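The shown structure was predicted, so the numbers you read here are calculated from the model rather than taken from an experiment.
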Amino acid sequence: MTEAIWDKNAIRVKLVKKDGTTRQRSFNNVIQGATPDQLHQFGQLIAMLTGEQLKEVYVMTTSHTN
């Protein structure tokens, strides 16, 4: 029987700059089980701080098995 072991989570926030290009920012060591609403609020906060427009927020999980 293999057991998955969680290694790390990262939130990826995709933003659109004023010139129309996109930028992706990553934030590591995120709590597991963040709700979609929490992720969206976090993305909105980053957009507000950068002055860019929020395009997408998602969680990347890296794991491995024994």
Side-chain angles (χ1 to χ4, degrees):
M1 176 184 228
T2 59
E3 179 182 334
I5 298 175
W6 174 72
D7 284 335
K8 77 174 186 178
N9 272 345
I11 290 180
R12 299 280 168 94
V13 180
K14 286 188 180 180
L15 303 162
V16 179
K17 297 170 61 173
K18 290 182 183 181
D19 64 3
T21 59
T22 59
R23 173 181 290 190
Q24 181 172 289
R25 297 175 185 267
S26 297
F27 301 88
N28 294 324
N29 299 322
V30 179
I31 189 168
Q32 284 182 304
T35 66
D37 187 49
Q38 289 171 323
L39 293 174
H40 185 73
Q41 288 178 6
F42 181 77
Q44 286 181 325
L45 175 64
I46 299 302
M48 183 175 54
L49 291 172
T50 62
E52 299 168 347
Q53 181 182 6
L54 179 62
K55 181 176 183 178
E56 182 179 16
V57 180
Y58 58 95
V59 175
M60 295 289 297
T61 302
T62 303
S63 61
H64 71 276
T65 56
N66 286 344

Open item on the list: So for atom CD, which belongs to Q53, do other residues, nucleotides or ligands contribute more than 12 heavy atoms lying within a distance under 6.0 Å?
Closed with: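 Counting other residues, nucleotides and ligands, CD of Q53 stays at 12 neighbours or fewer.
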To the nearest 0.5 Å, tell me how far [X] [atom1] sits from [Y] [atom2].
| X | Y | atom1 | atom2 | value |
| --- | --- | --- | --- | --- |
| K14 | E56 | NZ | CD | 4.5 Å |
| R12 | Q24 | CZ | CD | 5.5 Å |
| L15 | T50 | CG | OG1 | 5.0 Å |

- [ ] List in chain and number order the residues that pass side-chain contact (heavy atoms from CB on, under 4.5 Å) with K17, two or more places apart in sequence or in another chain; answer none if no residue qualifies.
- [x]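 Here the qualifying residues are D19, T21, R23, E52.
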Task: Set of side chain to side chain donor-acceptor pair (under 3.5 Å) partners for Q38, sequence neighbours left out - done: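 Side chain to side chain donor-acceptor pair (under 3.5 Å) list for Q38, sorted by chain: T35.
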Task: Contacts of type side chain to side chain donor-acceptor pair (under 3.5 Å), residue N28, not counting sequence neighbours - done: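 Partners of N28 under the side chain to side chain donor-acceptor pair (under 3.5 Å) test: none.
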Open item on the list: Is there a path of hydrophobic side-chain contacts, each under 4.5 Å between heavy atoms of I/L/V/M/F/W/Y residues, joining L54 to F27?
Closed with: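 Yes; L54 is reachable from F27 via cluster members.
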TODO: Identify the heavy atoms of L39 and A34 that sit nearest to each other, and give their distance.
DONE: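 Closest pair (atom of L39, atom of A34, distance): CD2-CB, 4.0 Å.
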